Amino acid sequence: MEETTGVLKEGFLVKRGHIVHNWKVRWFVLLQDKLLYYKLEGGKKESSPKGRILLDGCTITCPCLEYENRPLLIKLKTKTNTDYFLECCSREERDSWALDITGAIHAGHPVQVQELHRMKNSFKLLENISLHHIVDKMRDSSTGIKLTLNVEQGNRYKETFTGSALVDWLISNSFAVSRFEAVTLASMLMEENFTKPVGARSTGATRYSDLSEQFLDDSTALYMFAETSKKMLSSKEELQFNISELSGTIVKQGYLVKQGHKRKNWKVRKFVLRADPAFLHYYDPTKVCERGVDTPRNPLADLNIIMKIQGNYVVNVPLSQISFC
């Protein structure tokens with residue numbers, strides 16, 4: 001059995017396979033010098049790890065945008081040039097894992113740790129930065145920001161991107177070294193009318209927030225290039241299923257182990273709790289979606305069982321079918 005004393009962090013991540021590049025959920029345990037991962041059997045992690053990632057000499061990339069349909073990736077490259085791709089359930093979880101892994105990698109090098117904190121907390125935009133250059137790069141068909149169709153409160157917005165997607169893109173393309181810098185750059189793009197907010201979430205921030213908080217580093221805030229601001233409206237009859245259930249505010253999201261209804265096996269699912277209206281949805285986290293992290297490709301076909309919350313009770317969902325690791 002692998003020694004697991006001194007655990008720094010543990011939880012579910014979706015990992016890409018080495019030989020066959022399929023995606024599997026694994027339970028990860030972060031130690032000071034390595035990252036262990038385990039298979040699940042009967043809803044519990046096995047006693048021995050499936051594998052390990054040695055952190056000595058590792059480099060980490062976060063955000064990693066090598067897979068356009070998986071925006072919540074962390075990439076680890078070992079000193080033997082082996083790549084590991086790990087997907088988290090939310091931007092907050094991704095950044096938390098990245099920070100803890102980075103701390104473990106550099107734990108024995110205090111000078112590098114101090115430099116990481118300095119870069120994270122400092123703010124200094126490049127003196128010769130060109131917003132026109134950034135926008136040209138954003139529009140690049142192969143390496144630019146990905147434009148998708150997003151749904152908000154019954155409206156469909158074509159060729160949009162989220163606030164957090166833009167922040168991730170600015171960092172990954174070395175226009176900023178921290179989320180604070182990237183948000184400032186994104187705000188400048190909006191102020192200079194290169195981009196514009198669309199939908200209630202982002203436009204509300206521009207109207208009612210302080211100047212420093214008008215751009216939202218958020219996966220539910222929508223933006224688009226200023227000259228492509230045409231909005232498509234869809235009737236509630238056309239999208240009544242996913243509009244009524246997927247337009248609520250996300251209250252909480254994360255990975256849980258769930259027992260099947262017919263076959264009593266255990267599977268890891270990503271659960272998303274929404275309010276106004278109140279629904280609890282769950283998804284297969286190994287599958288990707290075309291139009292955002294929490295919106296299925298085809299809600300009518302791809303969405304699994306929907307559990308509607310009425311008052312303080314969950315209808316027909318025995319709590320014994322969900323376990324917390």
Side-chain angles (χ1 to χ4, degrees), residues 1-18 23-41 43-64 66 70-122 164 167-168 171-172 177-180 217 252-257 268-271 285-286 293 322-325:
M1 179 182 292
E2 186 89 24
E3 179 66 36
T4 58
T5 57
V7 173
L8 302 177
K9 188 181 184 69
E10 56 186 326
F12 288 116
L13 295 172
V14 181
K15 175 183 171 294
R16 192 193 74 170
H18 288 298
W23 299 80
K24 300 289 186 181
V25 177
R26 296 288 183 254
W27 181 264
F28 278 78
V29 177
L30 176 62
L31 305 178
Q32 196 68 63
D33 60 343
K34 55 183 168 286
L35 191 59
L36 306 177
Y37 54 93
Y38 297 79
K39 290 181 65 176
L40 295 172
E41 186 64 37
K44 304 293 183 180
K45 75 179 180 70
E46 295 182 343
S47 57
S48 298
K50 172 74 173 175
R52 65 183 62 80
I53 305 171
L54 299 179
L55 297 179
D56 180 41
C58 256
T59 59
I60 183 170
T61 302
C62 179
C64 172
E66 293 190 26
R70 294 183 181 273
L72 301 176
L73 282 180
I74 296 170
K75 178 182 177 181
L76 291 176
K77 180 183 284 291
T78 68
K79 65 180 179 181
T80 59
N81 290 323
T82 301
D83 292 337
Y84 291 88
F85 292 90
L86 311 175
E87 185 178 35
C88 303
C89 65
S90 67
R91 178 173 53 83
E92 292 77 15
E93 273 294 297
R94 181 200 62 189
D95 293 346
S96 175
W97 270 103
L99 184 62
D100 289 337
I101 293 172
T102 301
I105 291 173
H106 298 293
H109 307 279
V111 174
Q112 290 181 324
V113 173
Q114 292 175 4
E115 180 66 13
L116 286 169
H117 283 289
R118 186 194 67 78
M119 290 178 63
K120 179 184 176 184
N121 297 322
S122 68
S164 59
V167 169
D168 287 347
I171 295 173
S172 67
V177 298
S178 68
R179 302 197 78 82
F180 178 63
D217 179 8
K252 191 176 183 66
Q253 56 186 326
Y255 294 136
L256 297 173
V257 182
V268 177
R269 294 292 180 253
K270 177 180 178 179
F271 280 77
T286 65
V293 177
I322 302 176
S323 79
F324 297 83
C325 289

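None of these values were measured; they are calculated from a predicted model. One-based numbering along the sequence shown.
- Shown here are the side chain to side chain donor-acceptor pair (under 3.5 Å) partners of Arg179, two or more places apart in sequence or in another chain: Asp168, Asp217.
- Inter-residue side-chain proximity for Leu31 and Leu36 is flagged as met; some heavy-atom pair is nearer than 4.5 Å.
- A heavy-atom distance below 4.5 Å is not found between the side chains of Leu256 and Phe12.
- With a 6.0 Å radius and a threshold of 12 heavy atoms from other residues, nucleotides or ligands, Lys77 has its NZ atom above the threshold.
- In this structure, the side chains of Tyr38 and Lys50 stay at 4.5 Å or more apart for every pair of heavy atoms.
- In this view, Phe28 and Tyr37 satisfy the ring pair (Phe, Tyr, Trp, His ring centres under 6.0 Å) rule, not counting sequence neighbours.
- The two residues Trp97 and Cys88 make their nearest non-hydrogen contact at CD1-SG, 4.1 Å.
- Side-chain contact between Val7 and Val29: present, with at least one pair of heavy atoms (C-beta onward) separated by less than 4.5 Å.
- Environment of CD in Glu92: crowded, with over 12 heavy atoms of neighbouring residues, nucleotides or ligands closer than 6.0 Å.
- Closest non-hydrogen pair, Pro285 versus Val268, comes out as CD-O, 3.4 Å.
- When each of Leu35, Val14, Ile60 is tested with Leu86 by the rule side chain to side chain contact (heavy atoms under 4.5 Å, CB included), just one qualifies, namely Leu35.
- The NZ atom of Lys34 lies 12.5 Å from the CD1 atom of Ile53; values are rounded to the nearest 0.5 Å.
- The two residues Ile171 and Pro63 make their nearest non-hydrogen contact at CG2-CD, 3.7 Å.
- Taken from OH in Tyr255 to CZ in Arg269, the straight-line distance is 11.5 Å, to the nearest 0.5 Å.
- The number of heavy-atom neighbours closer than 6.0 Å to NZ of Lys24, taken from other residues, nucleotides and ligands shown, is 12 or below.
- Listed for the Thr61 side chain is no donor-acceptor partner under 3.5 Å among the backbone atoms of Cys64.
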Starting from the C-alpha separation in whole Å, work towards a yes-or-no answer on side chain to side chain contact (heavy atoms under 4.5 Å, CB included) for Lys45 and Lys39. CA-CA 6 Å; Lys45 75 179 180 70; Lys39 290 181 65 176; over 6 Å; no
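- When all heavy atoms are compared, the tightest approach of Gln253 to Cys89 is OE1-O, 3.6 Å.
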